[in-house]
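What follows is a single structure, written as structure tokens, with notes after it.
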Amino acid sequence: TLLSVILITKNEAHHIRECLASVAFADEWIVVDSGSGDATCEIAAAMGASVVVAPDWPGFGAQKNRALARARGDWVLSIDADERVSDELAASIRAVLAESRGGVGGGPAGYSFSRISRFCGQWMRHGDWYPDRVLRLFRREGARFSDDLVHERLIVDGPVARLEGELMHDTMPNLDDALDKLNRYTSGRALDLARRGKRGGLASALSHGLWAFVRSYGLKRGFLDGRLGLVLAIYIAHSTYYRYLKMGLAASGTAK
């Protein structure tokens, strides 16, 4: 097996079909589901994926390591259900695989590429969200995900190179979804950082939140994305503010 695609899911019936279709060139597809109440598992299985249900939620990093442990490919591509591999990126990945089939040894242990995300129906091409370089294609041997609850990191044993093409991220279709994700992700990230001894609080939350807005909207030209560029910059500032605020609360809780 040359390329394994791994992804973790929960209630992604509206995304999973297009996601898997965009990586139809892979040799196997591993889906670890955390207890979907919709047809996610059935759709994935019908498309040829190997589906495993693991309803106990250990966090993003640990759940992705479960999927990685089941992969048999020399190379692994990790994607999310709301992501699609563009045609250009698919061609770049195929080129890496072709070199591997040709017996080309050595080379990078992993590849990063640009991810473009859609926010409230608009593709965001400026600000903090673009270009968002993500490391997702890697040699299976020697690789693992960090154990973070959210914003897990992929750790590879060797150099990382870049590929051409974009990963299309169809996230946060409306503000309700965005605010729900803000609350869940800031809580998880605050706990991760507090466990590492990081400290937050009101003053830190205010200063980091303000800087996040200035960076995203001004320095990284988020204003070029129009009205939603402003909304996204405010959203990023709020995410940063609440993360540092919750870090202070989490640190106080762990200190007891």
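Atoms considered below: every heavy atom in the structure, side chains included; atoms not considered: hydrogens, waters and symmetry mates. Just so you know, residue 1 is the first one in the sequence shown, and it goes up from there.
Each side-chain hydrogen bond (donor to acceptor under 3.5 Å, both in side chains) pair with one or both residues in residues 209-222, not counting sequence neighbours, appears once here: D128-R215. For residues 142-175, every residue pair satisfying the ring-ring contact (aromatic ring centres under 6.0 Å, His included) rule, not counting sequence neighbours, is listed here: H151-Y185. A salt bridge (Lys or Arg N to Asp or Glu O under 4.0 Å) check over residues 8-23, counting only residues at least two apart or in different chains, returns the pairs E18-R84.
By the salt bridge (Lys or Arg N to Asp or Glu O under 4.0 Å) test, D147 is found to be paired with R144, residues two or more places apart in sequence or in another chain being considered. Considering only residues two or more places apart in sequence or on other chains, W29 meets the ring pair (Phe, Tyr, Trp, His ring centres under 6.0 Å) condition with none of them. Partners of T9 by side chain to side chain donor-acceptor pair (under 3.5 Å), not counting sequence neighbours, listed by chain and number: D33. For S187, the side chain to side chain donor-acceptor pair (under 3.5 Å) partners at least two apart in sequence or on another chain are K246. Partners of D157 under the salt bridge (Lys or Arg N to Asp or Glu O under 4.0 Å) rule, at least two apart in sequence or in another chain, do not exist in this structure. Applying the side-chain contact (heavy atoms from CB on, under 4.5 Å) test to P58 and every residue at least two apart in sequence or in another chain returns A62, Q63, R66. With sequence neighbours excluded, no residue forms a side chain to side chain donor-acceptor pair (under 3.5 Å) with R189.
The backbone N or O of P55 sits nowhere less than 3.5 Å from a side-chain atom of S34 that would complete a donor-acceptor pair. Listed for the S86 side chain is a donor-acceptor partner under 3.5 Å among the backbone atoms of E166. Between the S100 side chain and the V96 main chain, no donor and acceptor come within less than 3.5 Å of each other. At least one donor-acceptor pair closer than 3.5 Å links the side chain of N11 to the backbone N or O of G37. Of the possible donor and acceptor atoms, one in the side chain of Q122 sits under 3.5 Å from a partner among the backbone N and O of D225.
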Please evaluate residues M124 and Y130 with respect to the criterion side chain to side chain contact (heavy atoms under 4.5 Å, CB included), reporting the C-alpha separation (whole Å), side-chain torsions for both, the decisive distance (0.1 Å), and the verdict. CA-CA 7 Å; M124 311 304 289; Y130 190 82; 5.8 Å; no
Would you please test D80 and K64 for side chain to side chain contact (heavy atoms under 4.5 Å, CB included) and show each step? CA-CA 10 Å; D80 295 333; K64 288 189 176 182; 3.4 Å; yes
Go through the steps for R139 and D74 under the test side chain to side chain contact (heavy atoms under 4.5 Å, CB included), then give the verdict. CA-CA 6 Å; R139 296 182 189 271; D74 299 321; over 6 Å; no
Walk me through it: do L68 and R140 pass the test side chain to side chain contact (heavy atoms under 4.5 Å, CB included)? CA-CA 8 Å; L68 178 57; R140 179 171 55 86; 4.3 Å; yes
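Side-chain contact check for F213 versus I236: every heavy-atom pair is 4.5 Å or farther apart. Side-chain contact between F119 and V231 is present, with heavy atoms from C-beta onward closer than 4.5 Å. V23 places none of its side-chain heavy atoms less than 4.5 Å from the side chain of I93. A heavy-atom distance below 4.5 Å is found between the side chains of L206 and Y241. Annotation: side chain of S78 is in contact with side chain of I6 (closest heavy-atom distance under 4.5 Å). Taking 4.5 Å as the limit, some side-chain heavy atom of V85 sits within range of a side-chain heavy atom of L167.
Put simply, L89 and V134 are part of the same group of oily side chains (I, L, V, M, F, W, Y) that touch within less than 4.5 Å, one to the next. Note on L2 and L7: same hydrophobic cluster, where clusters join Ile, Leu, Val, Met, Phe, Trp and Tyr whose side-chain heavy atoms are under 4.5 Å apart, directly or indirectly. Residues L232 and L230 fall into different hydrophobic clusters, defined by Ile, Leu, Val, Met, Phe, Trp and Tyr side chains chained together at heavy-atom separations under 4.5 Å. By the rule that hydrophobic residues join a cluster once side-chain heavy atoms approach within less than 4.5 Å of another member, M168 and I79 end up as members of separate clusters. Residues F113 and W129 do not share a hydrophobic cluster, defined by chaining ILVMFWY side chains whose heavy atoms lie under 4.5 Å apart.
Distance check, rounded to the nearest 0.5 Å: CD of E28 to CG of L3 gives 8.5 Å. To the nearest 0.5 Å, atoms CH2 (W75) and CZ (F138) are separated by 10.0 Å. The distance from the CG atom of D82 to the SG atom of C19 is 8.0 Å, given to the nearest 0.5 Å. If you take OG on S117 and CG on D170, they are separated by 9.0 Å, rounding to the nearest 0.5 Å. Interatomic distance, CD1 of I155 versus OG of S146, reported as 5.5 Å (0.5 Å rounding). Rounding to the nearest 0.5 Å gives a distance of 13.0 Å between CZ of R184 and CG of L149.
When every heavy atom of L245 is checked against every heavy atom of A205, the shortest pair comes out as N-CB, 3.7 Å. The heavy-atom pair separating V31 from A49 by the smallest distance is CG2-CB, 3.9 Å. Between M47 and L20, the closest heavy-atom pair is CE-CB, 4.0 Å. The shortest non-hydrogen separation linking V76 to A71 is CG2-CB, 4.1 Å. Here the closest non-hydrogen pair linking A13 and T40 is N-OG1, 3.0 Å. S92 and E164 make their closest contact through OG-O, 2.7 Å (heavy atoms, listed as atom of the first residue, atom of the second, distance).
The hydrophobic cluster analysis finds V53 isolated: no Ile, Leu, Val, Met, Phe, Trp or Tyr side chain comes under 4.5 Å of it, directly or through other members. L179 belongs to no multi-residue hydrophobic cluster, having no ILVMFWY side-chain contact under 4.5 Å with any other such residue.
The environment of D87 atom CG is sparse: at most 12 non-hydrogen atoms of other residues, nucleotides or ligands sit within 6.0 angstrom. In the displayed structure, E42 atom CD is contacted under 6.0 Å by more than 12 heavy atoms of other residues, nucleotides or ligands. The 12-atom threshold is not exceeded at NE2 of H238, counting heavy atoms of other residues, nucleotides or ligands nearer than 6.0 Å. Within a 6.0 Å sphere centred on CZ of R162, other residues, nucleotides and ligands contribute 12 heavy atoms or fewer. Heavy atoms from other residues, nucleotides or ligands lying under 6.0 Å from NZ of K198 number 12 at most. Within a 6.0 Å radius of OH in Y242, other residues, nucleotides and ligands contribute 12 heavy atoms or fewer.
Between R243 and D192, no side-chain nitrogen of the basic residue sits less than 4.0 Å from a carboxylate oxygen of the acidic one, so the salt-bridge criterion is not met.
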